[in-house]
Amino acid sequence: MGRVMCVGFPLVALVVVSMCYGLADAEVKTPNLRWHYYKVTNRCHDAEEYVRHQVNLFWKNDRSITAKLLRLVYADCFVTGCDASILLDEGANPEKKAAQNRGLGGFAVIDKIKAVLESRCPGTVSCADILHLATRDAVKLAGGAGYPVLTGRKDGMKSDAASVDLPSPSVSLQKVLEYFKSRNLNELDMTTLLGAHTMGRTHCSFIVDRLYNYNGSGKPDPSMSVTSLESLRKLCPPRKKGQADPLVHLNPESGSSYNFTESYYRRVLSHEAVLGVDQQLLYSDDTKQISEEFAVGFEDFRKSFATSMYKMGNYRVLTGNQGEIRRYCRYTNKGNPNK
């Protein structure tokens with residue numbers, strides 16, 4: 001695996017203990033995952049190169065795929081673990097149909113990569129591994145740091161929207177922290193991973209409460225800057241049932257360029273965060289201090305993001321005789337209508 005790398009922020013002791021990449025520790029928890037698994041086991045020597053090439057082709061035409069893939073990884077790992085269950089169309093009501101997952105994208109990217117790998121190494125590379133490799137490569141193209149992706153995951157066999165418990169964008173900071181901790185991720189991981197909102201878009205319906213009726217008060221969220229409130233109200237006017245639900249950029253500074261930058265944290269500190277959960281990073285001394293560090297230290301943010309993505313990617317993975325290698329990412333092998 002190579003040496004363990006440390007970020008080295010001048011942060012409080014609570015946070016400092018999590019500053020290292022922690023690769024050795026995470027590897028102990030997932031002994032069946034390996035660095036360059038498909039190469040060292042001679043199963044598909046160039047699997048990662050095939051993934052990287054396809055991601056490059058997609059990204060050149062649509063830079064939004066980085067944000068879409070990041071959201072897919074989050075929606076997958078945080079529910080039943082990193083088993084690619086979010087990709088399944090099988091069943092009456094799969095995870096992707098849950099209300100929290102409305103607007104998910106990036107499925108076509110994974111489908112294409114899977115088709116390429118099936119043509120070269122049939123039945124060998126899991127959809128779960130493809131999702132994590134593709135996301136890592138897309139993050140790097142957008143300006144983020146590359147990070148190790150251990151491989152050897154198997155794909156899950158079921159997907160049910162009822163299992164989706166992703167927190168609301170307006171949930172309290174304490175609830176979000178509890179949620180992350182239940183996934184073996186600490187306060188630093190939470191603050192770091194929310195930094196993925198430095199790119200991407202959200203529906204107005206997810207922020208309308210902040211704009212017009214915060215906590216049922218009939219008034220806007222008092223933590224929002226006047227400038228942000230005015231601009232977002234123009235983009236998200238009050239809407240009636242049946243009307244369109246527009247999309248707005250989570251970080252106007254990144255906008256349609258979809259660049260991975262530290263500007264998200266500057267916006268949080270300036271009370272210009274779009275989502276309520278992001279603005280609440282100011283409500284804890286620790287998350288505020290981390291945000292302040294990242295706002296002026298892009299390399300610190302990049303390295304911490306790499307660490308936290310690595311940790312999240314090893315949560316409740318299936319290996320060995322668990323799960324399967326799907327031939328088509330949208331269906332289990334048994335339920336695949338294309339077999």
Side-chain angles (χ1 to χ4, degrees), residues 33 37-38 43-44 46-59 62 64-98 100-139 149-161 163-164 166 309 312-339:
L33 294 186
Y37 170 82
Y38 298 102
R43 293 170 182 252
C44 189
D46 296 320
E48 295 190 28
E49 285 72 20
Y50 292 142
V51 173
R52 188 174 301 113
H53 177 67
Q54 291 300 320
V55 171
N56 267 285
L57 294 178
F58 272 99
W59 192 81
D62 179 11
S64 73
I65 69 164
T66 304
K68 291 173 182 176
L69 290 174
L70 279 168
R71 189 180 173 199
L72 271 184
V73 168
Y74 166 77
D76 185 46
C77 291
F78 275 41
V79 177
T80 57
C82 304
D83 62 353
S85 56
I86 190 62
L87 304 178
L88 286 170
D89 285 336
E90 200 170 323
N93 199 28
E95 290 172 28
K96 62 174 64 174
K97 290 187 177 181
Q100 300 97 314
N101 287 328
R102 185 163 62 95
L104 280 180
F107 298 105
V109 179
I110 304 303
D111 288 342
K112 174 60 177 178
I113 296 172
K114 180 61 174 174
V116 169
L117 285 167
E118 283 297 305
S119 70
R120 289 163 170 76
C121 311
T124 303
V125 184
S126 70
C127 299
D129 279 344
I130 291 172
L131 177 56
H132 287 270
L133 290 168
T135 302
R136 184 269 310 278
D137 294 340
V139 167
V149 173
L150 300 183
T151 42
R153 296 171 184 79
K154 293 293 181 65
D155 298 320
M157 307 290 287
K158 60 182 180 179
S159 181
D160 185 358
S163 66
V164 177
L166 299 172
M309 286 296 292
M312 181 172 68
N314 293 329
Y315 177 65
R316 291 182 65 182
V317 299
L318 302 178
T319 60
N321 294 324
Q322 302 169 315
E324 66 178 8
I325 304 293
R326 290 183 214 142
R327 294 284 185 147
Y328 185 53
C329 291
R330 293 176 184 259
Y331 296 94
T332 63
N333 293 335
K334 183 178 180 179
N336 186 355
N338 302 311
K339 61 185 177 182

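Quick caveat, the model's predicted, so the values are computed rather than measured.
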Can you measure from [atom1] ([X]) to [atom2] ([Y]) and round to the nearest 0.5 angstrom?
X: T319; Y: L150; atom1: OG1; atom2: CG; value: 11.5 Å
X: E48; Y: D137; atom1: CD; atom2: CG; value: 8.0 Å
X: R136; Y: L70; atom1: CZ; atom2: CG; value: 13.0 Å
X: T332; Y: M157; atom1: OG1; atom2: CE; value: 5.5 Å
X: E49; Y: C44; atom1: CD; atom2: SG; value: 9.5 Å
X: Q54; Y: K112; atom1: CD; atom2: NZ; value: 5.5 Å

Just checking, any donor-acceptor pair under 3.5 angstrom between side chains of [X] and [Y]?
X: Y38; Y: D129; answer: yes
X: R43; Y: Y37; answer: yes
X: S163; Y: T80; answer: no

Using atom types as modelled and distance alone, determine if a side-chain donor or acceptor of [X] lies under 3.5 Å from a backbone N or O of [Y].
X: E324; Y: N333; answer: yes
X: N56; Y: R52; answer: yes
X: R120; Y: A47; answer: no
X: S85; Y: S159; answer: no
X: T124; Y: P122; answer: yes
X: D160; Y: P94; answer: no
X: D83; Y: L318; answer: no
X: R153; Y: A84; answer: no
X: D76; Y: I86; answer: yes

Mind listing the closest non-hydrogen atom pair of [X] and [Y] along with its distance?
X: V73; Y: H132; answer: CG1-CE1, 3.7 Å
X: I325; Y: K114; answer: CG2-NZ, 4.1 Å
X: C77; Y: G313; answer: SG-CA, 4.5 Å

Is the Y328 ring parallel, tilted or perpendicular to the Y331 ring (thresholds 30°, 60°)?
parallel

Is the NZ or CZ atom of K96 both under 6.0 Å from the centre of the six-membered ring of F107 and within 45° of that ring's axis?
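K96 over F107 ring: yes.
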
